[in-house]
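The block underneath contains the structure these notes are about, expressed in structure tokens.
Positions are given from 1 along the sequence. The analysis underlying the following values was restricted to heavy atoms, covering all of them including side chains, and did not include hydrogens, waters or symmetry mates. These numbers were taken from a predicted model, which means no experiment stands behind them.
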Amino acid sequence: MPRVPSAAAAHIGARIRTARESSTMTQDQLAAYSDIDSSNLRAYEAGRALPNVQTLVRIAETLKTPTGYFLEDVTAEMFPTRATDRRRRLS
């Protein structure tokens with residue numbers, strides 16, 4: 001799970017929160033029903049982490065929301081570039 005904050009992570013997290021609140025589910029309920037650690041879900045919603053595809057699909061299925069809703073309006077420019085990604089890279 002990438003730990004590099006990005007505009008994409010913030011956008012997707014906000015969409016997860018909106019869908020969850022629309023379904024009147026708590027973070028703990030969504031985490032339990034979608035088999036995700038609640039601290040990870042909090043990080044997704046806060047935009048501190050980006051869920052992988054499998055996790056995003058589980059969240060979408062639990063919320064009965066199309067998976068594409070979370071990716072709507074996400075662009076490549078919203079992700080960190082190599083220059084801004086400070087994680088170690090293998091040479």
Side-chain angles (χ1 to χ4, degrees):
M1 167 173 42
R3 291 286 180 185
V4 178
S6 68
H11 177 80
I12 292 168
R15 293 245 171 180
I16 292 170
R17 182 182 313 102
T18 298
R20 177 184 57 76
E21 290 173 347
S22 292
S23 72
T24 66
M25 225 181 264
T26 67
Q27 285 180 327
D28 289 333
Q29 288 171 326
L30 176 56
Y33 297 151
S34 55
D35 196 29
I36 298 169
D37 186 88
S38 60
S39 65
N40 286 348
L41 181 62
R42 284 189 255 294
Y44 301 148
E45 287 194 7
R48 292 189 315 269
L50 191 62
N52 63 34
V53 173
Q54 181 182 12
T55 299
L56 199 56
V57 168
R58 288 198 324 248
I59 290 170
E61 287 176 349
T62 302
L63 294 173
K64 297 178 179 34
T65 302
T67 308
Y69 165 77
F70 302 109
L71 300 175
E72 208 170 279
D73 300 322
V74 172
T75 64
E77 291 78 29
M78 296 172 86
F79 293 91
T81 62
R82 285 183 178 243
T84 61
D85 186 348
R86 292 187 174 90
R87 293 178 291 165
R88 294 180 114 179
R89 298 204 178 271
L90 297 175
S91 298

* salt bridge (Lys or Arg N to Asp or Glu O under 4.0 Å) pairs, two or more places apart, involving residues 54-66 -> none
* Structure fact -> Rounded to the nearest 0.5 Å, the OH atom of Y44 sits from the CG atom of L30 at a distance of 11.0 Å
* Structure fact -> Rounded to the nearest 0.5 angstrom, the CD-CD1 distance for Q54 and I36 is 9.5 Å
* What are the two closest heavy atoms between R20 and S23, and how far apart are they? -> O-OG, 2.7 Å
* To do: Could you grab the distance from atom OG1 of T26 to atom CD of E21, nearest 0.5 Å is fine?
  => 11.0 Å
* To do: For residues H11 and E72, report the shortest heavy-atom separation together with the two atoms involved.
  => NE2-O, 2.7 Å
* Asked: Taking atom OG of S34 and atom CG of L63, what is their separation to the nearest 0.5 Å?
  -> 7.5 Å
* Asked: Is the shortest heavy-atom distance from the side chain of M78 to the side chain of T75 under 4.5 Å?
  -> yes
* **Residues D37 and S39: side-chain donor-acceptor under 3.5 angstrom** => yes
* Structure fact -> Correct closest heavy-atom pair for P66 and A60 would be C-CB, 4.4 Å
Less than 3.5 Å apart, which donor and acceptor atoms pair up between the side chains of residues 12-19 and the rest of the protein, not counting sequence neighbours?
unit_1 : atom_1 : unit_2 : atom_2 : d
R15    : NH1    : Y69    : O      : 3.0
R17    : NH2    : E45    : O      : 2.4
T18    : OG1    : A14    : O      : 2.9

* Show your working on side chain to side chain contact (heavy atoms under 4.5 Å, CB included) between D28 and R42 and close with a plain yes or no. => CA-CA 9 Å; D28 289 333; R42 284 189 255 294; 3.4 Å; yes
* To do: Taking all non-hydrogen atoms of both residues into account, name the closest pair between A31 and S38 and its distance.
  => CB-CA, 3.7 Å
* Asked: Which atom names give the shortest non-hydrogen contact between A9 and A49, and what distance separates them?
  -> CB-O, 3.9 Å
* Asked: Hey, any chance L41 and V57 share a hydrophobic cluster, counting ILVMFWY side chains that come within less than 4.5 Å of each other, even indirectly?
  -> no
